[in-house]
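To keep things clear, I will list the structure first and then write my remarks on it.
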Number of protein chains: 2
Amino acid sequence: MEHTPANCRAREMISRVADKWSMYVIHVLAEAGTVRFSELRRRVDGVSQRMLTVTLRGLERDGLVRRTMHPEVPPRVEYSLTPLGATLREIVGELITWSGAHLAEVDAARARYDARAKQPQWATSDM
Amino acid sequence: MEHTPANCRAREMISRVADKWSMYVIHVLAEAGTVRFSELRRRVDGVSQRMLTVTLRGLERDGLVRRTMHPEVPPRVEYSLTPLGATLREIVGELITWSGAHLAEVDAARARYDARAKQPQWATSDM
DNA sequence: CAGTTCTAGTTACGAAACGTAACCTGGTCC
DNA sequence: GGACCAGGTTACGTTTCGTAACTAGAACTG
């Protein structure tokens with residue numbers, strides 16, 4: 001895979017989508033279908049109201065998420081994945097599956113790394 | 001996919017790996033095989049020295065990247081993907097492919113969104 | 001023999017992103 | 001008339017990030 005224009009732009013796309021919340025939101029929307037803002041906030045554990053707004057705006061702008069506003073009082077706004085978002089969702093799903101599958105290995109690697117980091121220099125690196 | 005312990009931790013894993021530079025570095029390492037620090041810096045376009053160091057440390061800690069230091073002067077340090085990193089690489093590759101494939105759609109969606117955003121409220125939403 | 005060059009970082013500091021908490025809208029309930 | 005609802009926005013403090021300067025120690029240069 002060489003440095004074609006497409007994968008140069010890919011870098012930009014990845015920056016856009018590869019942040020903490022975007023993937024999480026896509027995943028939750030994929031699970032839940034159509035969801036209201038506050039329900040989404042409840043499901044995306046740990047997200048702040050501001051970051052959820054910001055993330056959703058970005059995803060909406062990129063055509064990954066559809067935002068439907070019902071002009072009522074109190075307001076009702078529903079979010080769902082667009083077809084485009086659904087295609088990305090599959091990859092996010094794989095990433096989650098991967099995480100589940102390799103969790104133990106990562107934990108082990110971390111433990112090893114941290115143990116080694118605690119050792120001063122003079123510990124012979126006989127690994 | 002429910003909220004099992006594994007996919008709860010998956011959230012943590014995603015936060016870890018789903019940042020701008022980690023994916024990019026994994027991708028470049030996958031392409032290049034074994035690479036020295038400065039070569040990597042040249043290939044990962046736009047990364048600062050500090051962020052490359054930080055990113056590599058994180059990936060190394062998680063067992064995704066192997067760091068081999070040759071105690072010479074000037075120092076020589078080589079980085080490569082571990083087998084674990086290689087499995088993740090496949091998903092990153094898919095994400096890049098996706099980006100290339102759907103670039104035009106995303107651009108179009110952005111243009112639409114931005115055009116609409118410029119319109120004041122009184123523009124009837126007859127899309 | 002003093003000064004420059006090399007790599008792979010680290011440190012200091014300003015800028016940008018992020019999280020927390022308060023406020024806003026305006027119709028309904030008490 | 002005050003509290004409440006949902007879905008935000010704004011203000012502000014903290015954490016992260018990017019830029020630039022500095023470090024090591026040997027080798028090469030003048």
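Chain naming here is simple, since letters A, B, ... match the order of the sequence lines and numbering starts at 1 in each.
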For atom CZ of A/R76 and atom C1' of C/dG26, their distance in whole Å: 17 Å

Strand contacts (DNA chain D) in residues 32-40 of chain B, 4.0 angstrom heavy-atom criterion: none

Donor-acceptor under 3.5 Å (B/T97 side chain, B/G93 main chain): yes

Helix axis bend for the helix from C/dC1-D/dG30 to C/dC30-D/dG1 - C1'-based end axes, five pairs, 10° rounding: 30°

From A/S80 atom OG to A/R66 atom CZ, the distance as rounded to the nearest 0.5 Å: 4.5 Å

Contact pattern, 5' to 3', of nucleotides 16-30 of chain D - B, S or - by protein heavy atom under 4.0 Å: -BBB-B---BS----

Set of residues satisfying side chain to side chain contact (heavy atoms under 4.5 Å, CB included) with respect to B/A30, sequence neighbours excluded: B/L81, B/R89

Presence of A/Y79 side-chain N/O under 4.0 Å of D/dG8 phosphate oxygens OP1/OP2: yes

Between P of C/dC18 and CG of A/L52, the distance in whole Å: 13 Å

Sequence-distant partners of B/W21, ring pair (Phe, Tyr, Trp, His ring centres under 6.0 Å), two or more places apart: none

Closest heavy-atom pair and its distance - A/A101, A/E105: O-OE2, 4.5 Å

B/T82, B/L88, B/L29, B/I26 screened by side-chain contact (heavy atoms from CB on, under 4.5 Å) with B/L59, the one that passes: B/I26

Spatial distance of atom CZ (A/R36) from atom OH (A/Y79) [nearest 0.5 Å]: 11.5 Å

Pair A/E12 + A/R16: basic N to acidic O under 4.0 Å: no

Test side chain to side chain contact (heavy atoms under 4.5 Å, CB included) applied to B/L40 and B/L56, step by step: CA-CA 10 Å; B/L40 201 52; B/L56 284 169; 3.9 Å; yes

Under 3.5 Å: donor-acceptor pair, side chain of A/R41, backbone of A/V47: yes

Closest approach of B/L84 to A/V106 (non-hydrogen atoms, all atoms of both residues): CD2-CG2, 4.1 Å

B/M13 and A/W98: CA distance, side-chain angles, deciding distance, side chain to side chain contact (heavy atoms under 4.5 Å, CB included) verdict: CA-CA 9 Å; B/M13 283 297 314; A/W98 183 94; 3.7 Å; yes

Residue pair B/H27 / B/V92: nearest heavy atoms and the distance that separates them: CB-CG1, 4.1 Å

Neighbours of DNA chain D within residues 56-70 of chain B, by heavy-atom distance under 4.0 Å: none

